*Asks:* 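Below you will find the structure I want to go over with you.
Remember, predicted model here, so these are calculated numbers, not experimental data. For ligands, and for the atoms within them, numbers begin at 1 and follow the listed sequence. Note that the numbering runs from 1 along the sequence shown for the chain.
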Amino acid sequence: MIRILFVCLGNICRSPMAEAVMRHLIEREGLGDRVSVDSAGTGSWHIGEPPHAGTRRALARRGISWEGIRARRISADDLDAFDYIICMDTDNRRDVERIGRGRARVMTFMELVRDARSPDVPDPYYSGNFEEVYELVEKGCEELLRRIREELQEAPAAP
Ligand code: 4NP
């Protein structure tokens with residue numbers, strides 16, 4: 001099983017959007033039993049809350065479900081429990097790296113987006129621009145899916 005965790009600040013706007021989009025792609029590809037997707041925040045203000053209305057609207061417009069997604073805070077255990085920890089901006093990555101080190105490969109989401117103009121996915125909590133974020137999230141998740149498919153081909157499931 002490949003385990004992916006998306007991380008942002010509040011875990012209500014960007015990382016739950018990435019979680020929902022990636023889960024949608026993984027299920028569409030029939031890879032639900034080989035890849036798991038989750039998200040968490042570095043902050044604790046919104047623990048237990050569903051995604052922000054702007055994130056829900058961007059997902060609903062594309063028929064993507066956010067069912068079951070609730071905000072939680074990242075913990076030190078997550079650094080060993082996941083294979084990939086994908087941080088939505090460089091502040092998030094710094095905060096994750098301050099928690100410690102583990103088995104997980106820590107990276108930024110924009111490493112997945114070709115010709116990126118910024119190393120950060122802009123925070124729509126402040127900008128209100130959830131559509132701009134959706135476009136980046138979709139591009140990055142498609143690239144992540146491509147990389148995961150390659151990884152799964154290199155390590156086929158046991159017969
Ligand atoms: P997110 O956006 O990190 O994409 O979930 C934010 C949500 C809440 C806050 C900041 C950013 N906040 O300060 O409460």
*Asks:* For atom 4 (O) of ligand 1, which protein heavy atom lies nearest, and how many Å away is it?
*Replies:* Arg14 NE, 2.7 Å
*Asks:* How far is atom 12 (N) of ligand 1 from its nearest protein heavy atom, and which residue and atom is that?
*Replies:* Tyr125 CE2, 3.4 Å
*Asks:* Look up atom CG in Asn11 and atom CD in Glu19, then write down how far apart they are to the nearest 0.5 Å.
*Replies:* 7.5 Å
*Asks:* Out of all atoms in ligand 1, which are within 4.0 Å of some heavy atom of Leu9? Include the element for each.
*Replies:* 3 (O), 10 (C), 11 (C)
*Asks:* Does Arg62 make a cation-pi contact with Tyr134 (under 6.0 Å, within 45 degrees of the axis)?
*Replies:* yes
*Asks:* Decide whether an N or O pair under 3.5 Å exists between Ser15 and ligand 1.
*Replies:* no
*Asks:* Flag yes if Phe130 and Ile12 sit in one hydrophobic cluster, no otherwise; membership is Ile, Leu, Val, Met, Phe, Trp, Tyr, and two members link when side-chain heavy atoms are under 4.5 Å apart.
*Replies:* no
*Asks:* Have Asn92 and Asp89 got a donor and an acceptor in their side chains that come within less than 3.5 Å?
*Replies:* yes
*Asks:* Would one find an N or O of Cys8, backbone or side chain, under 3.5 Å from an N or O of ligand 1?
*Replies:* no
*Asks:* Do you reckon Met22 sits in the same ILVMFWY cluster as Leu112, going by side-chain contacts under 4.5 Å, direct or chained?
*Replies:* yes
*Asks:* Do Glu29 and Ile148 touch side chain to side chain, with heavy atoms closer than 4.5 Å?
*Replies:* no
*Asks:* I'd like to check which ligand 1 atoms, numbered from 1 as shown, lie under 4.0 Å from a non-hydrogen atom of His46.
*Replies:* 8 (C), 12 (N), 14 (O)
*Asks:* Please classify the Asp123 to ligand 1 contact at 4.0 Å (heavy-atom distances, strictly less than): side chain, backbone, both or neither.
*Replies:* side chain
*Asks:* Short list, please: which atoms of ligand 1 are under 4.0 Å from a heavy atom of Tyr126?
*Replies:* 10 (C), 13 (O)
